[in-house]
Amino acid sequence: MTTGATVWLTGLPSAGKTTIATALADTLRAQGRRVEVLDGDEIREFLSAGLGFSREDRHTNVQRIGFVAELLASHGVLVLVPVIAPYADSREAVRKRHQAQGTGYLEVHVATPVDVCSVRDVKGLYARQAAGELTGLTGVDDPYEVPDKPDLRIETHGSTVEQSAAAVHALLVERGLTI
C-alpha cells in the first residue's frame, strides 16, 4: 500500500493555501497518487456546521479536520489540508495524534503578509472587517500564531502558484511520500 500522510497548509485568510493545495493535488493525481483536499470552508459547511469562531470552536474544528485527515492518511491517502488553524496548540494536537498513530504529518506555513492577503481578499473578509461589518478576523483583530518550526515555509508574495506547489511537492519527494 502507498504511504499516506497529511500536509497541513496553515496561514492567514487569502494567503493562498487552497490555491496551492488544489494545484498540488492536480500534480499528484497526474502521478497516480490518491489525494484528498480537506478545504477549511467546505469542512465548516459540512462537518463543523454550527461552530462559531471562538477559540474553543476553532480548536474543535481543527481537531475534527485533523481526525478525518489522519484517518484518510492512515489508509494510504495523501491528504492536503488548507486550513487557517490559527492556534499553535491546536495544530500541535493534530501533529501528536498523527504521531501516536504512526501517520506522517507535515506542516507548511503559507507565510503571506496580511497586507498582501487583504489585497487578494478572495472572500471579501478584509473589506468587511475594515468596514466594521466583521470582527474576529484572523491576523487582524484575532490572533494567528505563526508556526515556530514548520516543515516548510512558503512566501507566496514572491512566487507563483506553480512554484509554491512545486516547493511542497519537493518536500514530499524529500520525505519519501511521493515521486
Side-chain angles (χ1 to χ4, degrees), residues 4-26 28-29 35-73 77-98 103-114 116-129 134-147 150-154 156-157 161 164-165 167-168 171-172:
T6 295
V7 180
W8 198 284
L9 295 99
T10 179
L12 297 174
S14 296
K17 301 175 300 296
T18 300
T19 304
I20 294 167
T22 302
L24 179 58
D26 291 345
L28 293 166
R29 286 186 185 114
V35 179
E36 287 296 332
V37 177
L38 299 181
D39 179 65
D41 293 333
E42 292 174 358
I43 296 293
R44 273 212 172 258
E45 181 179 351
F46 297 107
L47 185 62
S48 293
L51 289 179
F53 291 91
S54 68
R55 185 179 181 101
E56 181 179 310
D57 282 356
R58 289 176 192 238
H59 178 76
T60 298
N61 183 51
V62 167
Q63 297 316 296
R64 288 178 182 177
I65 298 168
F67 172 81
V68 172
E70 193 283 322
L71 183 65
L72 289 167
V77 178
L78 197 51
V79 186
L80 309 177
V81 185
V83 174
I84 296 169
Y87 304 114
D89 60 341
S90 296
R91 295 189 305 264
E92 185 59 24
V94 171
R95 179 187 294 276
K96 285 182 178 177
R97 174 177 180 71
H98 279 70
T103 306
Y105 178 89
L106 300 171
E107 184 178 74
V108 176
H109 179 211
V110 182
T112 308
V114 71
V116 174
C117 293
S118 67
V119 170
R120 292 177 181 173
D121 202 13
V122 294
K123 298 174 197 163
L125 299 175
Y126 293 92
R128 289 180 51 214
Q129 191 277 334
L134 175 73
T135 60
L137 181 59
T138 301
V140 177
D141 59 354
D142 208 58
Y144 176 76
E145 298 171 356
V146 174
D151 296 280
L152 177 65
R153 188 177 317 275
I154 299 173
T156 63
H157 56 289
V161 172
S164 297
V168 181
L171 176 64
L172 292 171

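In this text the structure is predicted, and so the values were computed from the model without any measurement.
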*Asks:* Can a donor-acceptor pair be found, under 3.5 Å and without considering hydrogens, that links the side chain of R97 to the backbone of E70?
*Replies:* no

*Asks:* Hey, does the side chain of R120 reach the backbone of P13 with a donor-acceptor pair shorter than 3.5 angstrom?
*Replies:* no

*Asks:* Between R64 and F46, is NZ or CZ placed under 6.0 angstrom from the six-membered ring centre and within 45° of the ring axis?
*Replies:* no

*Asks:* Step by step, work out the side chain to side chain contact (heavy atoms under 4.5 Å, CB included) result for L106 and L152.
*Replies:* CA-CA 8 Å; L106 300 171; L152 177 65; over 6 Å; no

*Asks:* Any heavy-atom pair between the side chains of L172 and L24 that's under 4.5 Å?
*Replies:* yes

*Asks:* Under 4.5 Å between any side-chain heavy atoms of T138 and F53, yes or no?
*Replies:* no

*Asks:* Under a 3.5 Å cutoff, is there a donor and acceptor pairing between the side chains of D141 and T135?
*Replies:* no

*Asks:* What's the shortest heavy-atom distance between A88 and E145, and which atoms?
*Replies:* N-OE1, 2.7 Å

*Asks:* Ignoring hydrogens, what is the shortest heavy-atom contact between A165 and A23? Give both atom names and the distance.
*Replies:* CB-CB, 4.0 Å

*Asks:* Hey, which of K96, R55, R58 is the one that makes salt bridge (charged side-chain N to carboxylate O under 4.0 Å, His left out) with D89?
*Replies:* R55

*Asks:* Measure across H157 and P113 and return the closest heavy-atom pair with its distance rounded to 0.1 Å.
*Replies:* ND1-CD, 3.2 Å

*Asks:* Taking atom types as modelled and ignoring hydrogens, do the side chains of T156 and T112 form a donor-acceptor contact shorter than 3.5 angstrom?
*Replies:* yes

*Asks:* Do R95 and R91 come within less than 4.5 Å of each other through their side chains, counting heavy atoms only?
*Replies:* no

*Asks:* Where the side chain of N61 meets the backbone of L51, is there a donor-acceptor pair that is under 3.5 Å apart?
*Replies:* no

*Asks:* Please name the pair of heavy atoms, one in H109 and one in V146, separated by the smallest distance, quoted to 0.1 Å.
*Replies:* CE1-CG1, 3.5 Å

*Asks:* Looking at V108, is its backbone amide N or carbonyl O close enough to the side chain of D151 to form a donor-acceptor pair, meaning the two atoms are under 3.5 Å apart?
*Replies:* no

*Asks:* Just by modelled atom types, is the A5 backbone N or O under 3.5 Å from a matching donor or acceptor in the T103 side chain?
*Replies:* no

*Asks:* Identify the two heavy atoms, one from V81 and one from I65, that lie closest to each other, and give their separation to 0.1 Å.
*Replies:* CG1-CG2, 3.5 Å

*Asks:* For the side chain of R153 and the backbone of A111, is there at least one donor-acceptor N/O pair under 3.5 Å apart?
*Replies:* no

*Asks:* Would you mind telling me which of V83, L80, V79 makes a side-chain contact (heavy atoms from CB on, under 4.5 Å) with L38?
*Replies:* V79

*Asks:* Would you say that L134 contacts L125 through its side chain, given a criterion of any heavy-atom pair below 4.5 Å between the two side chains?
*Replies:* yes

*Asks:* Can you see which heavy atom on Y126 is nearest to which on V140, and at what distance?
*Replies:* CE2-CG2, 3.7 Å

*Asks:* Under 4.5 Å between any side-chain heavy atoms of D142 and P86, yes or no?
*Replies:* no

*Asks:* What distance separates I154 CD1 from I20 CD1, expressed to the nearest 0.5 Å?
*Replies:* 4.5 Å

*Asks:* Indicate the ring-plane relationship of W8 and Y105, choosing parallel, tilted or perpendicular according to the 30° and 60° boundaries.
*Replies:* tilted

